[in-house]
A.B. asks: 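What follows is a structure written as structure tokens; I'll ask about it next.
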Amino acid sequence: MIQLSSRQLDLLELVKKHAPITGEQLAEYMGVSRPTLRSDLSLLVMLGLLDAKPKVGYFLGTAYRSTDDTATRQRFDNIKVREIQGVPVNIPETLSVHDAVITLFTENANTLLIVNEDKKLAGIVTPKDLLKMTLGNPGAATVPVSMVMTRYPNIVTLVPEESVSDAVRKMMLHQIDCLPVIIPGEGGPEISGWVSKSNIIRLMSDIATAAELGD
């Protein structure tokens, strides 16, 4: 189960008392710098415990009640990745950087999984990777995406039987927004799906709604 730190619990109490409240004000109350709270606030927002609006500040999220509901927290910890994983956008490693950029936009994706000729996970590429290659490089359009991807096994991954709590911990530890879900095997891992922050936020919203309805 995800255990909130004392600082994260303090942040929730401050927001409960003073919402809406800015990150700068929270930092001042706690006597720390704004960057010190960044990861804590990101986790609380991702879990649905806090919400935020630009130029307004932080306020309690829809999942806040679950912090006082042991059964709900246990349910969250017991849900497996395979139950919430989505369908990733896969492209072949021979695809050009130019076509990979087009795929990002047409599929409305923020990450692309790269597969080899055997349809096994070969790597992962992000918009930042593609941007680095294309800026000031007129020949980038013809470069295969395999030249810019982060190669497996140098990728943070999940397996279907890991818990959603495990997914959140990995995202926060490595500061990433999504994780491929793989099934290890000979010749490389098969892609089962992926889990993003959006999947987790949607789950927390569903759990909070179920708690309100008494399910």
Side-chain angles (χ1 to χ4, degrees), residues 1-86 88 104 108-111 126-128 156 158 162-181 193-215:
M1 178 165 46
I2 293 178
Q3 299 290 340
L4 298 181
S5 68
S6 59
R7 185 163 68 190
Q8 290 160 359
L9 292 172
D10 288 342
L11 284 169
L12 287 174
E13 284 303 310
L14 284 171
V15 174
K16 184 178 180 180
K17 292 178 181 178
H18 304 289
I21 182 171
T22 66
E24 289 75 13
Q25 290 170 326
L26 286 168
E28 185 175 349
Y29 270 115
M30 300 189 72
V32 298
S33 65
R34 174 69 177 85
T36 300
L37 298 180
R38 186 171 294 125
S39 62
D40 293 313
L41 291 170
S42 295
L43 175 63
L44 293 173
V45 169
M46 184 169 68
L47 292 177
L49 300 175
L50 291 183
D51 204 347
K53 290 184 178 179
K55 299 182 180 180
V56 176
Y58 292 92
F59 49 94
L60 294 178
T62 56
Y64 175 74
R65 285 182 57 188
S66 69
T67 58
D68 297 319
D69 187 338
T70 301
T72 299
R73 285 186 286 136
Q74 289 176 338
R75 176 185 171 192
F76 179 65
D77 189 55
N78 291 333
I79 293 175
K80 303 302 182 183
V81 162
R82 57 178 165 76
E83 299 177 58
I84 69 162
Q85 69 185 31
L104 278 174
N108 193 28
N110 58 10
T111 303
T126 67
K128 185 181 293 185
V156 183
L158 295 163
E162 286 187 89
S163 71
V164 173
S165 297
D166 293 326
V168 172
R169 291 189 189 98
K170 288 184 178 182
M171 285 181 180
M172 296 308 300
L173 177 62
H174 299 280
Q175 295 295 300
I176 50 182
D177 293 336
C178 61
L179 295 165
V181 183
W194 71 358
V195 172
S196 67
K197 285 184 178 180
S198 296
N199 295 131
I200 294 171
I201 291 171
R202 191 178 304 115
L203 170 66
M204 293 306 300
S205 178
D206 291 344
I207 289 176
T209 300
E212 291 175 359
L213 296 175
D215 292 342

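The chain is numbered in sequence order, starting from 1.
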A.B. asks: Could you report the tightest heavy-atom contact between Asn199 and Gly86, atom names first, then the distance?
C.D. replies: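 It is OD1-N, 4.3 Å.
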A.B. asks: If you compare all heavy atoms of Gly193 against all heavy atoms of Pro88, which two are closest, and at what distance to 0.1 Å?
C.D. replies: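 Residues Gly193 and Pro88, closest heavy atoms: CA-CD, 3.7 Å.
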A.B. asks: Taking all non-hydrogen atoms of both residues into account, name the closest pair between Val81 and Ser163 and its distance.
C.D. replies: CG2-O, 3.7 Å
A.B. asks: Would a 4.5 Å heavy-atom cut-off, applied to side chains only, mark Leu9 and Ser6 as touching?
C.D. replies: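 Side-chain contact under 4.5 Å: no.
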A.B. asks: I need the minimum non-hydrogen distance between Leu179 and Ile176, along with the two atoms involved.
C.D. replies: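 In terms of heavy atoms, the two residues are closest at CD2-CD1, 3.1 Å.
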A.B. asks: In sequence, state the C-alpha distance, the side-chain angles, and the governing distance for Val45 and Tyr58, and then conclude on side-chain contact (heavy atoms from CB on, under 4.5 Å).
C.D. replies: CA-CA 9 Å; Val45 169; Tyr58 292 92; 3.9 Å; yes
A.B. asks: Check whether any side-chain heavy atom of Ile200 sits under 4.5 Å from a side-chain heavy atom of Met171, and report yes or no.
C.D. replies: yes
A.B. asks: What's the separation between atom CG in Leu26 and atom CD1 in Ile21, rounded to the nearest 0.5 Å?
C.D. replies: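 Spacing of CG (Leu26) from CD1 (Ile21) equals 4.0 Å.
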A.B. asks: Which atom names give the shortest non-hydrogen contact between Leu104 and Thr111, and what distance separates them?
C.D. replies: CD2-N, 4.2 Å
A.B. asks: If you compare all heavy atoms of Pro127 against all heavy atoms of Asn110, which two are closest, and at what distance to 0.1 Å?
C.D. replies: CD-O, 2.9 Å
A.B. asks: Would you mind reporting whether Thr126 and Asp177 have side-chain heavy atoms less than 4.5 Å apart?
C.D. replies: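 No, their side chains stay 4.5 Å or more apart.
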A.B. asks: Rounded to the nearest 0.5 Å, what separation is found between the OG atom of Ser196 and the CD atom of Gln85?
C.D. replies: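 Here the interatomic distance stands at 11.5 Å.
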A.B. asks: Could you check if a side-chain atom of Leu11 sits within less than 4.5 angstrom of a side-chain atom of Leu41, using non-hydrogen atoms only?
C.D. replies: yes
A.B. asks: Are any of the side-chain heavy atoms of Val181 and Arg82 separated by less than 4.5 Å?
C.D. replies: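 Not touching, per the 4.5 Å side-chain cut-off.
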A.B. asks: Is there side-chain contact between Leu60 and Leu50, with at least one heavy-atom pair below 4.5 Å?
C.D. replies: yes
A.B. asks: Supply the atom-to-atom distance Cys178 SG to Lys170 NZ, rounded to the nearest 0.5 angstrom.
C.D. replies: 13.5 Å
A.B. asks: Go through the steps to decide whether His18 and Gln25 satisfy the test side-chain contact (heavy atoms from CB on, under 4.5 Å), and finish with yes or no.
C.D. replies: CA-CA 10 Å; His18 304 289; Gln25 290 170 326; over 6 Å; no
A.B. asks: Sort and list the pairs that fulfil salt bridge (charged side-chain N to carboxylate O under 4.0 Å, His left out) and have at least one residue in residues 27-44, not counting sequence neighbours.
C.D. replies: Arg7-Asp40
